[in-house]
Amino acid sequence: MRQWLEGLEARRGLDTLTERSRKLVLGSYVLLLLLMLYRGVAVQSEVALGPLIAFVLPLVLFLPSILGRRPRGHAWLAFVSLLYFTQGVMVATLPGQGLRGLLEALVSLALFTGCMGYARFRSRQLRAG
């Protein structure tokens, strides 16, 4: 795996890989945030502030790291995204919630991949420059 990543870095360049992974992070972050807002507002019979905060707050706490382009914050967000992946898989098993759960699992997996890539490529970029 390490050799494959180093070969990819040599072929594509750190700047390109960093930008692509950043775009993946931003896109999947916004999608996951929208999914959690939808879940907190539309899925419940009445709007309850507690569950809405529980779904959205962990993502919002990482906003400064994303905007500040900090590799360590992206690495931590990758680990948090695995909680959303687990939740999505569990929701996908509920009757009538399969598509929403699958979408949540896929988006959180994209967020994980983007964050881990960004953390690696940006850290190497900072060390080289």
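Quick caveat: nothing in here was measured; it's all calculated off a predicted structure.
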Hey, can you pull the donor-acceptor pairs under 3.5 Å for the side chains in residues 109-125, sequence neighbours left out?
{"from": "Thr113", "atom 1": "OG1", "to": "Leu109", "atom 2": "O", "distance (Å)": "3.0"}
{"from": "Arg120", "atom 1": "NE", "to": "Glu9", "atom 2": "OE2", "distance (Å)": "2.8"}
{"from": "Arg120", "atom 1": "NH2", "to": "Glu9", "atom 2": "OE2", "distance (Å)": "3.3"}
{"from": "Arg122", "atom 1": "NH1", "to": "Gln125", "atom 2": "OE1", "distance (Å)": "2.8"}
{"from": "Ser123", "atom 1": "OG", "to": "Ala119", "atom 2": "O", "distance (Å)": "2.7"}
{"from": "Arg124", "atom 1": "NH1", "to": "Glu9", "atom 2": "OE1", "distance (Å)": "3.2"}
{"from": "Gln125", "atom 1": "NE2", "to": "Asp15", "atom 2": "OD1", "distance (Å)": "2.4"}

Check: residues 60-71 side-chain donor-acceptor pairs under 3.5 Å, at least two apart:
{"from": "Arg70", "atom 1": "NH2", "to": "Pro64", "atom 2": "O", "distance (Å)": "3.4"}

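- In this structure, the side-chain contact (heavy atoms from CB on, under 4.5 Å) partners of Arg72, at least two apart in sequence or on a different chain, are Trp76.
- There is a path of hydrophobic side-chain contacts, each under 4.5 Å, that joins Leu52 to Leu31.
- The neighbour count for Leu99 CG, taken as heavy atoms of other residues, nucleotides or ligands under 6.0 Å away, does not exceed 12.
- Note that CZ of Arg39 is 8.0 Å distant from CD of Gln97, once rounded to the nearest 0.5 Å.
- Residue pairs meeting the side-chain hydrogen bond (donor to acceptor under 3.5 Å, both in side chains) criterion with at least one member in residues 23-35, sequence neighbours excluded, do not occur.
- Linking ILVMFWY residues whenever their side-chain heavy atoms come closer than 4.5 Å, directly or via other members, places Leu14 and Leu8 in the same cluster.
- Both Val80 and Leu37 are part of a single hydrophobic cluster, where members link through side-chain heavy atoms under 4.5 Å apart.
- Pairs engaging residues 87-98 under the salt bridge (Lys or Arg N to Asp or Glu O under 4.0 Å) rule: none recorded [sequence neighbours left out].
- Between Val107 and the choices Leu102, Leu32, Leu33, Leu34, the side-chain contact (heavy atoms from CB on, under 4.5 Å) rule is met once, by Leu32.
- Between Val91 and Gly101, the shortest heavy-atom contact is CG1-CA, 3.9 Å.
- Every pair passing side-chain hydrogen bond (donor to acceptor under 3.5 Å, both in side chains) that includes a residue from residues 77-95 is listed here, sequence neighbours excluded: Gln87-Glu104.
- Clustering ILVMFWY residues whenever any of their side-chain heavy atoms sit less than 4.5 angstrom apart, transitively, puts Val56 in the very cluster that holds Phe79.
- Contact record, Phe55 with Met36: O-CG, 3.7 Å, taken as the closest heavy-atom pair.
- A continuous path of hydrophobic side-chain contacts links Leu103 to Leu26 [ILVMFWY only; heavy atoms under 4.5 Å].
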